[in-house]
2 protein chains.
Amino acid sequence: MSNFFLEIAGSKRSLHVQVAREIARKILSGELSQNEIIPSEMTLCEQFGISRTALREAIKLLTSKGLLLSRPKVGTRVRSRDNWNFLDSQLLDWVADIGDNEAIYLEFLALRKAIEPEAAALAASNATAEQRILLSATFQKMDDLASNFNAEEWTEADMEFHRLVFLSTGNNFFLPFANVLCTMFKSFIGHSSEKGGTCIEEHRAIYTAIMAGDADKARQANTNLLNNSNHRLPTNN
Amino acid sequence: MSNFFLEIAGSKRSLHVQVAREIARKILSGELSQNEIIPSEMTLCEQFGISRTALREAIKLLTSKGLLLSRPKVGTRVRSRDNWNFLDSQLLDWVADIGDNEAIYLEFLALRKAIEPEAAALAASNATAEQRILLSATFQKMDDLASNFNAEEWTEADMEFHRLVFLSTGNNFFLPFANVLCTMFKSFIGHSSEKGGTCIEEHRAIYTAIMAGDADKARQANTNLLNNSNHRLPTNN
DNA sequence: TGACACCCATTTATCATACAATTATGTTTT
DNA sequence: AAAACATAATTGTATGATAAATGGGTGTCA
């Protein structure tokens, strides 16, 4: 399978993304404070040693995510925090570089508790035949890995399972959570699963309910997973 | 108060945003199908009659929202639907221009039912003193308008109330919903409120619970609002 | 025949420069 | 004092050139 679909929009290789990432870091860390006017384009070009073209594309990228707002004559301003789109996986990726990861992880868990049970319920009602096949294959893999544990493969399958749930809701507004969840898995949860922490039975309950088309049971099962599982805080090993 | 904070990122005046909007329309409407390679930069420049600079900034904007992905030699491709960030208010604004609005409205309502009760619960627990003051002022306005109805002002206050709930959660991941909700209000719900449809008592229950710091009651009250209210489908009067 | 290294053409990526549009600020005029 | 105006600073757009990336073709060799 091509890895095209797994690629993150705006390859990290490109210059303007690297610069955007650096500016984002300064904003997210508070080095640049909210509502502050950042240096002019020419100044930043010199600081980064890049052309105006590349710098402007970086600024446009950050503008699109709600971090900046440019106006002629007045300059480019850091927008207030409530305009930052934390549900953008690229931005989330940058956030992960800053820390404090523990707080972010807990906040995300709160979001999962709100959204994921409902996503499971919708998936139970709306998943297509094709999506059910994918879900079956992925759960099968999880089941195998539960008895023959492999941390890396488990994390991958676990992530894919929850991702498929979001994709199976048949609701456009739930789709973005699939990517956000993947980013969080890779950034925070990746190394938090250990043998014995697979929660395979909780996952089985979700899987079974979705396949049976039982929305209420799927919702409850996913709630149970998020409450009972021994999801750990990220460890920096 | 300056209207700076109400501005949408990337003024609609700028050329590259206009072009991005037009390309987005073609993608969202299916005129450009998923995984399709769009014409080369030079071709598009001629089609739109703009410079490469402006076109590239437009493409970068769409890339940032998950609609496009560019690679040297191969070209710029329309990404598959599950990469489109529907939780971006600018993209949502473009979606609103396409329709079919009825389906989108219902999908969004499903999202609200998942996320808003939990947001209300978090707000009850975490709202700051300052946020409680804002919430009080806004609800007071709603209460006044309920007995002395004015459609436009009511919609504004209603929107502000729910927006404040998201901002009061103290959770970064709930913040973006504030803007998304506002966009939806302006695009879809704006003309759906009529006299008698204010649900003032349901709103009062949410407000009271949040001010009392009763998370469970706030969650339940918001659930009631979304289930019992006579939210209507958008009417095209 | 097939695998591998190499070259080539196409497309995006970046750079450099010039000019236009916007608007806060200060200045002049009434 | 108020209003109209001019100025300067900054972003917005245009243009042309060069660099980098890469799919596809070509040829070599086993």
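Just so it is clear: chains get the letters A, B, ... in the order the sequence lines come, proteins before strands, and each one is counted from 1.
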If a pair satisfies salt bridge (charged side-chain N to carboxylate O under 4.0 Å, His left out) and one of its residues is in residues 130-143 of chain A, list it, with sequence neighbours excluded. A/D143-A/R204
With no angle test and no hydrogens, is the base of D/dG23 tied to the side chain of B/R71 by a donor-acceptor pair under 3.5 Å? no
Where the side chain of A/K73 is concerned, which of D/dT13, D/dA21, D/dA8 is the nearest nucleotide? D/dA8
What one should report as the nearest heavy-atom pair of A/A178 and A/R163 is CB-CG, 3.8 Å
Checking side-chain polar atoms at under 3.5 Å, does B/T138 have a donor or acceptor matched by the opposite partner on B/Y207? no
Step through it carefully: locate the ring centre of A/F161, locate the ring centre of A/H203, and say whether they are under 6.0 Å apart. yes
Does a side chain donor of either B/N83 or B/S80 reach within less than 3.5 Å of an acceptor in the other side chain? yes
DNA chain C: 5'-most and 3'-most nucleotides touching chain B, 4.0 angstrom heavy-atom criterion: C/dA9 to C/dT14
Under 4.0 Å from any atom of DNA chain C, heavy atoms only: list the residues of residues 40-51 of chain B that qualify, in numerical order. B/S40, B/E41
Between NZ of A/K60 and C1' of D/dT13 the distance, given in whole Å, is 10 Å
When rounded to whole Å, the CD1 to P distance for the pair B/I37 and D/dT22 reads 14 Å
Checking side-chain polar atoms at under 3.5 Å, does A/R81 have a donor or acceptor matched by the opposite partner on B/N172? yes
Could you give the CZ-to-C1' distance, from A/R52 to D/dT15, as a whole number of Å? 14 Å
Quick check: on DNA chain C, is the nucleotide nearest A/L55 upstream (toward 5') of the one nearest B/V74, or the reverse? Name the residue that is more 5'. B/V74
What is the distance, rounded to the nearest whole Å, between atom CG of A/L15 and atom C1' of D/dA20? 12 Å
How close do B/N85 and A/P176 get, heavy atom to heavy atom, and via which atoms? OD1-CB, 3.6 Å
B/Q18 CD to D/dG12 C1', in whole Å, measures 12 Å
Salt bridge present between A/E22 and A/R25 (N-O < 4.0 angstrom): yes
Between B/H16 (NE2) and D/dT11 (P), how many Å, whole number? 14 Å
Would you name the heavy atoms of A/Q131 and A/N126 that are closest together and state the gap between them? OE1-O, 4.3 Å
